[in-house]
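Report on the structure given below.
Every chain is numbered from 1, with letters handed out A, B, ... down the list of sequences.
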Protein chains: 2
Amino acid sequence: MRNVRLWVAYDGTGFAGWQRQAGAATIQELLEDAVALLTGERVTLHGAGRTDSGVHALCQSAHFRSEAGLPADRFAPALNTFLPAAIRVLGSAVVPDDFHARFSARAKRYLYRIRWGPVTSPIGQHYFHHERRPLDVAAMRAAGRLLIGQHDFLAFANNPGHQRKRPTVRTIQALHLPRRRDGVDLVVQGDGFLYNMVRTLAGTLLLVGRGLQPPPWVGAVLQSCDRKTAGPTLPADGLFLIRVLYPRQLEPRLGLRCRAFF
Amino acid sequence: MRNVRLWVAYDGTGFAGWQRQAGAATIQELLEDAVALLTGERVTLHGAGRTDSGVHALCQSAHFRSEAGLPADRFAPALNTFLPAAIRVLGSAVVPDDFHARFSARAKRYLYRIRWGPVTSPIGQHYFHHERRPLDVAAMRAAGRLLIGQHDFLAFANNPGHQRKRPTVRTIQALHLPRRRDGVDLVVQGDGFLYNMVRTLAGTLLLVGRGLQPPPWVGAVLQSCDRKTAGPTLPADGLFLIRVLYPRQLEPRLGLRCRAFF
């Protein structure tokens, strides 16, 4: 019985998210079905992050246990033949038995794309959130710095009743807001994220970028631990899981490139 | 009766092209229907180029005649309220009576996007043609230079029986192959293009980029006037109509930005 790791990219548009659920097309289900078609095994695929409906991934990480004799690197191209074009397995490898895509992960990195202009672009409409006017990126960066480090992020979590049963302290290791042509990206890396947290961080920084709130307000939101004080949860379209980070000894060197041809 | 010009961007995925046809969703039809909903008039919308099924536009140009009293610049936002998100009117203006989107056009500029890597990206899968291996861009550029100028482009036209009734001499005013991250773009401007010509130029330059043909072969293809000698017609996904150029006196200065948020 081998432990097989997959690196997976997907366009989340039109899927009901990662996690298998009855009556809806999900990434997990389609990948598990592809494994069944390839090896005849009904496996459970464990993903590092359960991305929501409409959220994309440049490099989701997942694992499953298999008795198939296929060379480890052949799983990726073979599975792709059973998958829709919106899901691509970028690579596959046999990993140590104690590797778990979710529990071994040390950090995840997300990207939220915001683009602006008088009219939205129909090209790539599912890959960004549109603003009519340019945002004040300097103010957003000042606000973003207040989020870095270990904090209780309860104010940025939806479904707080559910969250309160579990610890809501997380560490944001890095948060950048690189300028792009006609827009800004939010790139945030942390040891874990609460439900809808990245999209709510983006919506909160958006209010600062619009000049509706000053940067220190974001610190007050954080300290309030009250979801009602934070900004809106932005749509899933702009959100990408771009990387899952593991301890170095668990990372095989495959030379994979987790990039989108935007 | 005013002559109203529209600047239009669209994601061609899922549409049967620009031109109205029975039983299929087309850009022209949806725009004409939007005008009918806005003004009550059944107009004929004349587009500069009849883009094929699946082809995108960053800045298609079109005109129609209207008796509606709406200020000219309000057509764009008003029409957008009746259009799907895949079609956006970027701007509108009243233009001289003798302006015709198609017959007044002096040139059109197209973009064909090629991206490469071991696995295709599911993100933006409808916005590029995928190659497994990098192409030899220097060889493609040497071949591309042979296409610039006035030539009979019959060898690059599909449906040649139809073409032969009409002159097939066109002038390519500019042809560039800028390198992009993990790919190359073909940007070509000409006074007109035969049926499927840009996609066949791209497919012919592709064979040179793969090293299957030397650059001078493209000159021989051109001179053959025989479609069978040219490369394949690449899929519509990678093709964008990016600009229609008119004589300066016909171009109102609107400061429109015809760009995609890729």
Just wondering, more than 12 heavy atoms not from R179(B) lying within 6.0 Å of its CZ?
yes
Quick check on the interface: out of H130(A), Q125(A), R180(A), H56(A), who has the most heavy-atom pairs with chain B under 4.5 Å?
Q125(A)
Just give me the residue among P118(B), P122(B), A76(B) that pairs up with chain A most often, heavy atom to heavy atom, under 4.5 Å.
P122(B)
Residues 6-26 of chain A: residues contacting chain B (heavy atom under 4.5 Å, by number):
A9(A), Y10(A), D11(A)
Tell me the residues of residues 84-93 of chain A whose non-hydrogen atoms fall below 4.5 Å from those of chain B, in number order.
A85(A), A86(A), I87(A), R88(A), V89(A), L90(A)
CZ (R65(B)) with more than 12 external heavy atoms under 6.0 Å:
yes
